[in-house]
S.K.: 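Please read through the structure below; I'll follow up with questions.
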Amino acid sequence: MRERRALQSARRAREFEAFVAGAAGRLLHAATLLTAEPPNANPRARRLLTLALAHTYASWDRLRGEDPYDRARQQLAVRFARGAWHQYGALGRSRPSPSPSPSGSGSGSVAVLARLTPQERLILVLRMYEGVAEEQTAALLGLPVERVRAICARAMTTLLHPPRGPAPTMAKVVPS
């Protein structure tokens with residue numbers, strides 16, 4: 001009995017190691033996009049990925065034909081949403097101000113993504129980077145499909161047409 005259990009445990013570990021070897025890079029990139037951290041300095045993204053992979057490993061035997069990448073991606077999204085909820089009070093209420101990055105360590109995409117709310121980033125990464133369907137994204141976040149579509153469109157508009165500086169002040173016209 002012990003030998004069989006040891007063999008099953010070793011097989012499980014080998015399967016999970018092979019999964020992590022193939023999927024960890026893409027999942028780390030997705031986590032880095034979600035957190036809007038620079039790729040070379042991303043402790044929050046690494047923590048998110050570690051927790052998502054730990055949960056995936058814990059439920060590895062219960063997957064039963066389910067795609068482990070989908071499970072890990074789902075855990076990554078849920079943990080990011082929960083963390084954003086605790087950090088900002090609500091997932092999409094405020095736009096975090098992008099923190100200035102040390103010279104040369106940031107990238108252009110990070111600064112652009114930092115302008116989005118956490119909810120916009122989450123939906124944009126799931127829809128555009130991961131290729132998750134609107135219906136699946138809506139079900140994962142507990143939102144109507146129309147809301148996911150609207151948030152994705154707003155995020156794309158913000159990315160493609162970034163807001164300019166403050167509007168110029170209008171001079172008051174004094175009647176003569």
S.K.: Do you know the tightest heavy-atom contact between Leu33 and Val125?
M.R.: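 Heavy atoms only, the tightest pair is CB-CG2, 3.7 Å.
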S.K.: Nearest 0.5 Å, please: how far is CG in Leu122 from CG in Leu34?
M.R.: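 Interatomic distance, Leu34 CG to Leu122 CG, rounded to 0.5 Å: 6.0 Å.
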S.K.: Taking only residues two or more places apart in sequence or in another chain, which ones pass salt bridge (Lys or Arg N to Asp or Glu O under 4.0 Å) with Arg12?
M.R.: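 Result, salt bridge (Lys or Arg N to Asp or Glu O under 4.0 Å) vs Arg12: Asp61.
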S.K.: Can you list everything that forms a side chain to side chain donor-acceptor pair (under 3.5 Å) with Thr32? Sequence neighbours excluded, please.
M.R.: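 For Thr32, the residues satisfying side chain to side chain donor-acceptor pair (under 3.5 Å) (neighbours in sequence not counted) are Asn42.
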S.K.: Is the shortest heavy-atom distance from the side chain of Arg121 to the side chain of Thr117 under 4.5 Å?
M.R.: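 Answer no - side chains too far apart.
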S.K.: CG/Leu140 to CD/Gln74 distance, rounded to the nearest 0.5 angstrom?
M.R.: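 Leu140 atom CG to Gln74 atom CD measures 5.5 Å (nearest 0.5 Å).
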S.K.: Tell me, with the steps shown, if Ser59 and Arg71 meet side chain to side chain donor-acceptor pair (under 3.5 Å).
M.R.: CA-CA 9 Å; Ser59 63; Arg71 177 68 66 94; 3.2 Å; yes
S.K.: Without swapping roles, check the side chain of Ser9 against the backbone of Arg5 for a donor-acceptor pair under 3.5 Å.
M.R.: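 No, the answer is negative, given that no donor and acceptor are paired below the 3.5 Å cut-off.
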S.K.: If you take all heavy atoms of Ala30 and Leu76, which pair is closest and at what distance?
M.R.: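 Nearest heavy atoms, Ala30 then Leu76: CB-CD2, 4.3 Å.
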S.K.: Would you say that Leu113 contacts Leu116 through its side chain, given a criterion of any heavy-atom pair below 4.5 Å between the two side chains?
M.R.: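 Side chain of Leu113 against side chain of Leu116, heavy atoms only: contact under 4.5 Å found.
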S.K.: Hey, any chance Val132 and Met128 share a hydrophobic cluster, counting ILVMFWY side chains that come within less than 4.5 Å of each other, even indirectly?
M.R.: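 Per the 4.5 Å side-chain linkage, Val132 and Met128 are co-clustered.
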S.K.: Which pair of non-hydrogen atoms, one from Pro118 and one from Ala84, has the smallest distance, and what is that distance?
M.R.: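 Result for this residue pair: CB-CB, 3.6 Å.
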S.K.: What residues form a side chain to side chain donor-acceptor pair (under 3.5 Å) with Arg11, not counting sequence neighbours?
M.R.: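 Residues passing side chain to side chain donor-acceptor pair (under 3.5 Å) with Arg11: Glu15.
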S.K.: Are Leu63 and Tyr57 connected in the hydrophobic side-chain network, where two residues link if heavy atoms are under 4.5 Å apart?
M.R.: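 Leu63 and Tyr57: one cluster.
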S.K.: Is there side-chain contact between Leu53 and Leu27, with heavy atoms separated by less than 4.5 Å?
M.R.: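 When only atoms from C-beta onward are counted, Leu27 and Leu53 do touch, with a gap below 4.5 Å.
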S.K.: Do Thr35 and Glu37 pass the side chain to side chain donor-acceptor pair (under 3.5 Å) test, and can you show the C-alpha distance, the side-chain angles, and the key distance before you say yes or no?
M.R.: CA-CA 5 Å; Thr35 58; Glu37 295 176 316; 3.1 Å; yes
S.K.: Enumerate donor-acceptor pairs with a distance under 3.5 Å from any side-chain N or O in residues 16-24 to protein atoms, sequence neighbours excluded.
M.R.:
none

S.K.: If you define the side chain from C-beta out and look only at heavy atoms, does anything of Gln75 sit under 4.5 Å from Leu51?
M.R.: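 No. Closest side-chain heavy atoms not under 4.5 Å.
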S.K.: Is there side-chain contact between Val112 and Arg115, with heavy atoms separated by less than 4.5 Å?
M.R.: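 Yes. Closest side-chain heavy atoms under 4.5 Å.
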S.K.: Do Leu7 and Arg4 come close enough that some side-chain heavy atom pair is under 4.5 Å?
M.R.: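 Contact flag for Leu7/Arg4 side chains = no.
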S.K.: Quick one: do Leu124 and Leu159 satisfy side chain to side chain contact (heavy atoms under 4.5 Å, CB included)? Show the steps, please.
M.R.: CA-CA 10 Å; Leu124 196 68; Leu159 290 180; 3.0 Å; yes
S.K.: Can you pull the salt bridge (charged side-chain N to carboxylate O under 4.0 Å, His left out) pairs that have at least one residue in residues 45-55, sequence neighbours excluded?
M.R.: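 Counting only pairs at least two positions apart or across chains, no salt bridge (charged side-chain N to carboxylate O under 4.0 Å, His left out) contact touches residues 45-55.
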S.K.: Does atom CD of Glu3 have more than 12 heavy-atom neighbours from other groups under 6.0 Å away?
M.R.: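 For Glu3, atom CD is not crowded (no more than 12 foreign heavy atoms under 6.0 Å).
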S.K.: Tell me the side-chain hydrogen bond (donor to acceptor under 3.5 Å, both in side chains) pairs involving residues 125-142, sequence neighbours left out?
M.R.: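 Sorted result for residues 125-142: Tyr69-Glu130, Arg73-Glu130, Glu134-Arg149.
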